Amino acid sequence: MQRIMVVGAGQMGSGIAQVAAQAGYQVYLRDIEDRFVQRGLGVIEKFLSRDVAKGRRTEEEKAAILGRITGTVDLAPAAQCDLVIEAIVENLEAKLALFRELDQICPETTLFASNTSSLPITQLAAVTRRPDRFIGMHFMNPVPVMQLVEVIRGIATSDETYARIRSLAEAMGKTPVEVNDFPGFVSNRVLMPMLNEAMFCVYEGIAGVEEVDTVMKLGMNHPMGPLTLADFIGLDTCLSIMNVLYEGFKDPKYRPCPLLVQMVQAGYLGRKSGRGFYIYDENGATPMKR
Ligand SMILES: CC(=O)CC(=O)SCCNC(=O)CCNC(=O)[C@H](O)C(C)(C)COP(=O)(O)OP(=O)(O)OC[C@H]1O[C@@H](n2cnc3c(N)ncnc32)[C@H](O)[C@@H]1OP(=O)(O)O
Ligand SMILES: NC(=O)C1=CN([C@@H]2O[C@H](COP(=O)(O)OP(=O)(O)OC[C@H]3O[C@@H](n4cnc5c(N)ncnc54)[C@H](O)[C@@H]3O)[C@@H](O)[C@H]2O)C=CC1
């Protein structure tokens, strides 16, 4: 494997492009508008500069990594890639449309991976002519820091595809864990109901935002409180995942908290929109009042 296209230059796509380039691969980073591509490249530049400032990398290494990443709004270079990793918004229709288009552009040998947090890998694979060469490659946020890649096998994923993606994750310095394709996989089946429950604590007036976070940080040694983490993940992504769990299992225990639904309707998407359970501005993070 030599060339990888990452589609979606948001918080996950930019991180995936960075770790792929750090591992020596040539990377295309594609988004729908150039300003999103530039934003993604800017984030990579910032974190590599931090590595240089901390003495973990040289300026030359940073330049070489950046030199391996080509930003683009064009999907056509996917035809020259051995693997396409999709990291666009968590929306089934958008992902299906993208994979249909990629399937037309890419030779049959190209592997497809989705970084989806919860959508069925089997269903995404089924709109392509290569369900055996289709897999879930679920990185954790922030990608350059977190050790795990959850590797999700769809019903038709071949052993060879799995072996190649497992090796790639290891080459990127990550630890792959194999799971099967059921709603939320393992990571979000376990994590997201906890975040949703923290939201219910605020919604029902049991405690304030900061208090809920402090309980989990100091009481359970979590690095971030659940509401800080939900803001970090993106509330739109959290809601999409809860809906996939709710609809996938038809079990009311996965109902999304009405406060989460309302906040997403208001455009309060967390850190990326400047407001979620906290307001992010020059004063830092101020908890929302309820
Ligand atoms: C929703 C899904 O489908 C799946 C998911 O991803 S769920 C989310 C999974 N992620 C988590 O649970 C993250 C929980 N939080 C944490 O582990 C930590 O708070 C954290 C690693 C994000 C930050 O750590 P911290 O100690 O609080 O802050 P900070 O000191 O600023 O950062 C620690 C290091 O991470 C680095 N870092 C933070 N954010 C980064 C980013 N976006 N990209 C690259 N590096 C980053 C910092 O540069 C810093 O490194 P150095 O100090 O060595 O330079
Ligand atoms: N945020 C998180 O903590 C995690 C998210 N994920 C998953 O990763 C994916 C991306 O999430 P984020 O990076 O957080 O979202 P984001 O909102 O930061 O970025 C999404 C990007 O995709 C772009 N995009 C939308 N349609 C596109 C298309 N057709 N072609 C190219 N680009 C397109 C958008 O312009 C945007 O830049 C989602 O599937 C999400 O569920 C997975 C693990 C963790």
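One-based numbering along the sequence shown. Numbering of ligands and ligand atoms starts at 1, following listing order. Treat the numbers as computed from the prediction; the structure is a model and nothing was measured.
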Is it true that Tyr278 and Asp213 share a donor-acceptor pair across their side chains at a distance under 3.5 Å?
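There is such a pair between these side chains.
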Distance-only N or O hit between ligand 1 and Arg56, under 3.5 Å
yes
Protein non-hydrogen atoms only, distance under 4.0 Å: does [atom] have such a neighbour?
{"atom": "atom 20 (C) of ligand 1", "result": "no"}
{"atom": "atom 54 (O) of ligand 1", "result": "yes"}
{"atom": "atom 37 (N) of ligand 1", "result": "yes"}
{"atom": "atom 31 (O) of ligand 1", "result": "no"}
{"atom": "atom 23 (C) of ligand 1", "result": "no"}

Quick one: do Val264 and Val244 end up in the same hydrophobic cluster if we chain Ile, Leu, Val, Met, Phe, Trp and Tyr together by side-chain heavy atoms under 4.5 Å apart?
no
Can you confirm if the NZ or CZ of Arg275 lies within 45° of the ring axis of Tyr268 and under 6.0 Å from the centre of its six-membered ring?
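Here Arg275 passes the 6.0 Å and 45° test against Tyr268.
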Is there a donor-acceptor pair under 3.5 Å between the side chain of [X] and the backbone N or O of [Y]?
{"X": "Lys272", "Y": "Ile233", "result": "no"}
{"X": "Glu108", "Y": "Arg129", "result": "no"}
{"X": "Lys174", "Y": "Phe139", "result": "no"}
{"X": "Glu197", "Y": "Met192", "result": "no"}
{"X": "Glu90", "Y": "Ser117", "result": "yes"}

Distance to 0.1 Å, residue and atom name: give those for the protein heavy atom nearest to [atom].
{"atom": "atom 34 (C) of ligand 1", "value": "Val145 CG2, 4.7 Å"}
{"atom": "atom 41 (C) of ligand 1", "value": "Phe47 CZ, 3.0 Å"}
{"atom": "atom 39 (O) of ligand 2", "value": "Glu90 OE1, 2.5 Å"}
{"atom": "atom 27 (O) of ligand 1", "value": "Pro223 O, 5.0 Å"}
{"atom": "atom 7 (S) of ligand 1", "value": "Leu191 CD2, 3.5 Å"}
{"atom": "atom 3 (O) of ligand 2", "value": "Asn141 ND2, 3.1 Å"}
{"atom": "atom 6 (N) of ligand 2", "value": "Ser117 OG, 3.1 Å"}
{"atom": "atom 48 (O) of ligand 1", "value": "Arg50 NE, 2.9 Å"}
{"atom": "atom 6 (O) of ligand 1", "value": "Asn141 N, 2.9 Å"}
{"atom": "atom 18 (O) of ligand 2", "value": "Gln11 N, 3.1 Å"}
{"atom": "atom 35 (O) of ligand 2", "value": "Asp31 OD1, 2.7 Å"}
{"atom": "atom 19 (O) of ligand 2", "value": "Gly10 CA, 3.3 Å"}
{"atom": "atom 22 (O) of ligand 2", "value": "Ile88 CA, 3.5 Å"}
{"atom": "atom 43 (C) of ligand 2", "value": "Phe139 O, 3.2 Å"}
{"atom": "atom 39 (N) of ligand 1", "value": "Pro142 CG, 3.8 Å"}

Heavy atoms only, cut-off 4.0 Å: how does [X] contact ligand 2, side chain, backbone, both, or neither?
{"X": "Thr237", "answer": "side chain"}
{"X": "Phe232", "answer": "neither"}
{"X": "Lys272", "answer": "side chain"}
{"X": "Arg39", "answer": "side chain"}

Give the atom numbers and elements of ligand 2 that come within less than 4.0 Å of a heavy atom of [X].
{"X": "Thr116", "value": "39 (O)"}
{"X": "Val7", "value": "30 (N), 31 (C)"}
{"X": "His138", "value": "42 (C), 43 (C)"}
{"X": "Gly8", "value": "22 (O), 31 (C), 32 (N)"}

Any atoms of ligand 1 less than 4.0 Å from a non-hydrogen atom of [X]? List them with their elements.
{"X": "Ser117", "value": "2 (C), 3 (O)"}
{"X": "Lys54", "value": "51 (P), 52 (O), 54 (O)"}
{"X": "Met140", "value": "4 (C), 5 (C), 6 (O)"}

Checking the N or O distance criterion of under 3.5 Å, is ligand 2 in contact with [X]?
{"X": "Met12", "result": "yes"}
{"X": "Asn115", "result": "yes"}
{"X": "Ile233", "result": "yes"}
{"X": "Asp236", "result": "no"}

Given Ile241, which partner from the list Asn188, Asp236, Leu195, Leu191 fulfils the side chain to side chain contact (heavy atoms under 4.5 Å, CB included) test?
Asn188
Judged by non-hydrogen atoms, does Gly234 sit under 4.0 Å from ligand 2?
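For ligand 2, residue contact (heavy atoms, under 4.0 Å) with Gly234 is absent.
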Between Lys95, Glu101, Arg30, which one has a non-hydrogen atom sitting closest to atom 29 (N) of ligand 2?
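Result: the heavy atom closest to atom 29 (N) of ligand 2 is in Arg30.
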Out of Leu229, Ile241, Asn188, indicate the one that has the non-hydrogen atom closest to atom 12 (O) of ligand 1.
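Ranked by closest heavy atom to atom 12 (O) of ligand 1, first place is Leu229.
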Pair Arg57, Leu48 - check side chain to side chain contact (heavy atoms under 4.5 Å, CB included), show working.
CA-CA 8 Å; Arg57 269 182 225 289; Leu48 290 175; 3.6 Å; yes
Between Asp82 and Arg164, does at least one N-O distance fall below 4.0 Å, as a salt bridge requires?
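Judged by the 4.0 Å cut-off on N to carboxylate O distance, Asp82 and Arg164 do not form a salt bridge.
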Quick test of your reading of the model: are Arg133 and Asp103 salt-bridged, counting only N-O distances below 4.0 Å?
no
Is any side-chain heavy atom of Leu227 less than 4.5 Å from a side-chain heavy atom of Met288?
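The answer is no; the side chains never approach within 4.5 Å.
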Flag side-chain contact, heavy atom, 4.5 Å: Phe47 against Pro144:
no
Nearest atoms (heavy-atom pairs only) where [X] meets [Y]:
{"X": "Leu98", "Y": "Glu86", "result": "CD2-CG, 3.6 Å"}
{"X": "Leu102", "Y": "Arg130", "result": "O-NH2, 4.4 Å"}
{"X": "Gly13", "Y": "Val6", "result": "O-CG1, 3.5 Å"}
{"X": "Ser187", "Y": "His138", "result": "OG-CE1, 3.2 Å"}
{"X": "Ser114", "Y": "Ile121", "result": "CB-CD1, 4.3 Å"}

Contact between ligand 1 and His222 is defined here as a heavy atom of the residue under 4.0 Å from a ligand atom; is it met?
no
With Arg153, the salt bridge (charged side-chain N to carboxylate O under 4.0 Å, His left out) member among Asp181, Asp159, Asp132:
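Only one of Asp181, Asp159, Asp132 forms a salt bridge (charged side-chain N to carboxylate O under 4.0 Å, His left out) with Arg153, namely Asp159.
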